[in-house]
Every structure is written in C-alpha cells, then in structure tokens.
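Before any comments, here is the structure.
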Protein chains: 2
Amino acid sequence: MDVKLSAGSTLFIEGDKADHLYNISHGCIRIHKLLPDGRRQVIGFLTTGDFLGFAVRDGYAYSAEAVTNTKLCGFSRVKLEHLLQAFPAMEKRLLGIAANELAVAQDQMLLLGRKTAAERLASFLIAFSDRLLKADLPISPIVLPMARSDISDYLGLTNETISRTFTRFRKLGLIELNNAETIYIRDMKRLRRVAGGEEP
Amino acid sequence: MDVKLSAGSTLFIEGDKADHLYNISHGCIRIHKLLPDGRRQVIGFLTTGDFLGFAVRDGYAYSAEAVTNTKLCGFSRVKLEHLLQAFPAMEKRLLGIAANELAVAQDQMLLLGRKTAAERLASFLIAFSDRLLKADLPISPIVLPMARSDISDYLGLTNETISRTFTRFRKLGLIELNNAETIYIRDMKRLRRVAGGEEP
DNA sequence: CGCGCGGTTGACCCTAATCAAAACTGGTGG
DNA sequence: CCACCAGTTTTGATTAGGGTCAACCGCGCG
C-alpha cells in the first residue's frame, strides 16, 4: 500500500501500534527518539530503498518524519507474515538488513560516545558521500536535505557547534559551501582522516 | 564447540575473520571498538544466553573480551548455515534477536547523544537491575562484574565522572555501596526518574 | 609487609552548550 | 519589484559539564 508524505509531516510516533513495515520508494525519512523535556536524538536518516519500521514489541521504538516529500510502500504486518511464509528466502534477506543496521548503529555509538565534534561532522559527511557513491548518484556536490538542527540531533551536538565546525572545515580547505545545503568536499583524504580520529 | 575464556582474555578482535557465532553458556563478555589513538567505546556487555558474533561482512565489527571467566558455545558459520537449512524457524528467532539488539542499540544512542552523566549511570543501573529481574536472579544487591573503566567506556564518560556520580547518588540516598562492586538500590523510583531524564 | 592496581577525591582546564544578536533566505503581499 | 516578516544559519560572548592531571586511599597479593 502506497503512502505519500510531504516534507515535515509525520509517518508515526514512538509508541504507535507497529502494524506496518515500510520501504522507501523515494525521498528521505528521519527517525528520532525524545526525552520528556524535549531533548531529541535523531537515530538515522533513511532514503530510497531503505526499510523502516522493524519493531520488536507491539509499538514503534521511535518516531518517523519526512525530511523531504517522500513516497513509501507499506506492508501490513499480517501480510508480511504471509509473504515470509511464501518466500522463506526473504527472511534471510531481512536478517542481513537487520545485521547491517546493527553494525551501523554500533559505529554511531562509537561516534556519539568517543568522537569530537569535528570527527563527528567529518564522519557524517563521509558516510553521506559513501552512500551517494554506493547508490551510483553524483557525489559532488553533496546536497543535504536536512536542516542543521537535524544534523546536530543526529550527532549529539547543537546547531551552533555544527555551524562553527562547518566554517572551521571551510577555513581549513576541507570543504566549500555555496549555501547551507550544498557542500563540495575539497580534501577527501584529510576529511577521512579526521573522521577516523587520526588527525587533530 | 565449547570455548573457555578466563577473565580478561580475548575471544576475537575487530577485523578477525568472522567464522563463528557464539552463545554464552556462563559468564560475561564485553565487546568494544577502538579509535586509532586508543579511545574505546564499549558497545555492550553480554551474559548467559546472549548471542555474539553476528557479522555482516567477513570480519567482526568489534572486539570481544571476557569480563569474568566465561564458557561459550561456538557454531562455525558453515554449520550454522546447515542448521538454518534444517530448522528454518530458527531464522525467525535470529531475526527477532537482531531486531531486539537494534532497539537496545538505539536506546544507547539516545543515552550517548543526549543524556547527562547522572542520567547515563542511572540508566545503566536500571538496565542492569531489569536484566537481573528478567533472568530471575536476586536483584539486590547488584554485583557489577566489570571495572569502572568498562562502565565509563560504555557510557561515553571517564572513570572519574563515574566515580563522582556514584558518590553523588550515594549522598542523595539513591544507592548504597559496600565496596566498588556491590550496589544496593535504595530509591528505585527516583533512580528511574533520573534515568528517564525527568529529574535533575 | 610493602607493592601495585583500581577506585576515589581534588584542582584546574577545555570543549561544546547556552544565551544573544546579526546575517541570510525564502515567501507574502502591497 | 521591493519591503517586510518568519525561520534558519552564522557569529560572538560567556558558562558549565565533564575531562585531565595529580594525589591519595584501600584492598588483595606476592
């Protein structure tokens, strides 16, 4: 079943009954968790081809919102159950996807627990660039669909720190910015070293 | 195939060829990632019954070391493949386990990205307590098998901060410590509120 | 007994957060 | 077309939470 979301709108929120699994046909979705006082952690950004809505218990563990206009393909949980019955090979594929998500999540733990602001932002840019490359999309410039506040909540920082770090990178000749969304990577090698924590 | 590890010894390190999946028969395993300069992020602590060694690519994504003397049951990847062929239901179980791990990892992202030191330590104690409860083990006192440095690297903090926060909790009457390992929770309700970010 | 290691405590520092304001940006309507 | 406004981004000044460095404590072990 197809779902269309316009930028900024909500697909579901944390705790909603998790009756669907979605696959993104086109667009960008942001998933996040909130603390009672409003502090937000963005868990990830999902794009074309990504799955969304794995849930262990009966409720979603996070909220999902559209960053850009997005089209999704939704499978009801019961229908999915039948589908898996019919194509057991799919289960293996889902397991592979979940294991991959897990590895990504663990990388993000390293980032959030131990990396500096510069290392976090560099890692983010590198990951974004690698994702473009793997999707056979043009890799330069990088056009960020999400706001600074989304990036900061993803990296465990504030808007101000993101902004300052961007200008620092600019002054170091690592990147170039036209406007806030459009980024040219000028020194990929050094940016990678920063992302890996090998360079101050 | 059974494996015995004595406290402190290494099961595998990040990048090793991931040819086995393990199930912990008894003991406690710590998994972690390192940055080139030695900064460490502990990804998790695994105990009796937990699985260990899901790997997407051909290498493990983290290192695994024994916290206490540990006994594990190891399945070679090929044998596992056969096992899954024979018992397809097992795949569904593995998927469930992976999805659960993913949810735990996402909670940890919220913790690492947005929680204060006090909230992190409280969350850790609550999670430990809940795990004891779920395993039908005595819940008081909590006996921590791991060192302060393990806890700090798990929570993205330093030993000193962990230590200071323990004494703060002690002074607030939230917990009581006999020695460094043995902890009595004295005000579970407030500790839970701190863990959830609802109390300063 | 004394050594060593892990843990605690103290003094000070630094990174990133907070608070505040200016610069842009895009959209609306006169 | 341009002035205005609201929201986002950038920049600046100051603060604070947790890190770093160092001393001290306490316990187990050779």
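Order of the sequence lines fixes the chain letters, A, B, ..., with proteins taken first and strands second; residue numbering starts at 1 for each chain.
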- Note on the structure: Of the candidates dG7(C), dA16(C), dT11(D), the side chain of Ser163(A) sits closest to dT11(D)
- Task: Look at the aromatic rings of Tyr154(B) and Phe124(B) and report parallel, tilted or perpendicular, splitting at 30° and 60°.
- Result: perpendicular
- Helix axis bend for the helix from dC1(C)-dG30(D) to dG30(C)-dC1(D) - C1'-based end axes, five pairs, 10° rounding: 30°
- Counterpart residues, side chain to side chain contact (heavy atoms under 4.5 Å, CB included), relative to Arg190(A) (two or more places apart): Leu172(A), Leu174(A), Asp187(A), Arg193(A), Glu199(A)
- Task: With the side chain of Thr116(B) defined as its heavy atoms from C-beta on, choose the nearest nucleotide among dT9(D), dG18(D), dT8(C).
- Result: dG18(D)
- Length of the CG-C1' vector between Asn178(A) and dC24(C), whole Å: 14 Å
- Task: Look at all strands and tell whether Ile162(A) reaches a base, only sugar-phosphate, or nothing, counting heavy atoms closer than 4.0 Å.
- Result: nothing
- Message: What is the distance, to the nearest angstrom, from the CZ atom on Arg168(A) to the C1' atom on dG12(D)?
- Response: 16 Å
- Item | Non-neighbouring partners of Ser123(A) that pass side chain to side chain donor-acceptor pair (under 3.5 Å), sequence neighbours left out | Lys115(A)
- Message: Between C1' on dG18(D) and CG on Leu112(B), what's the gap in Å once rounded to a whole number?
- Response: 15 Å
- To the nearest angstrom, the CG-C1' distance between Asp150(B) and dC5(C) comes to 14 Å
- Item | Co-members of the apolar cluster containing Leu110(B) [side chain, <4.5 Å] | Leu35(A)
- Message: From CG of Leu177(B) over to C1' of dT8(C), roughly how many Å is that when rounded to an integer?
- Response: 11 Å
- For Arg120(B), report the nucleic acid contact type (base, sugar-phosphate, nothing); a contact means any heavy atom under 4.0 Å. nothing
- Options dT9(D), dT9(C), dG7(C), nucleotide nearest the side-chain atoms of Thr167(B): dT9(C)
- From CZ of Phe166(B) across to C1' of dG7(C) the rounded distance in Å is 11 Å
- The side chain to side chain contact (heavy atoms under 4.5 Å, CB included) partners of Ala118(A) (sequence neighbours excluded) come to Thr116(A), Thr165(A), Arg168(A), Phe169(A), Val194(A)
- salt bridge (charged side-chain N to carboxylate O under 4.0 Å, His left out) pairs, two or more places apart, involving residues 64-79 of chain A: Arg30(A)-Glu65(A)
- Can you list the residues that meet the side chain to side chain contact (heavy atoms under 4.5 Å, CB included) rule with Ser9(A), with sequence neighbours excluded? Leu5(A), Ser6(A), Ala66(A)
- Footprint string (nucleotides 20-30 of chain D, 5' to 3'): B base within contact, S backbone only, - free, heavy atoms under 4.0 Å: BB---------
- Query: Are the charged groups of Asp153(B) and Arg39(B) less than 4.0 angstrom apart, N to O?
  - Reply: no
- Message: Going by the rule salt bridge (Lys or Arg N to Asp or Glu O under 4.0 Å), which residues pair with Asp58(A) if we only count those two or more places apart in sequence or in a different chain?
- Response: none
- Query: To the nearest Å, how far apart are Asp37(B) CG and dG19(D) P?
  - Reply: 15 Å
- Query: In whole angstrom, what separates Asn179(A)'s CG from dT9(D)'s P?
  - Reply: 11 Å
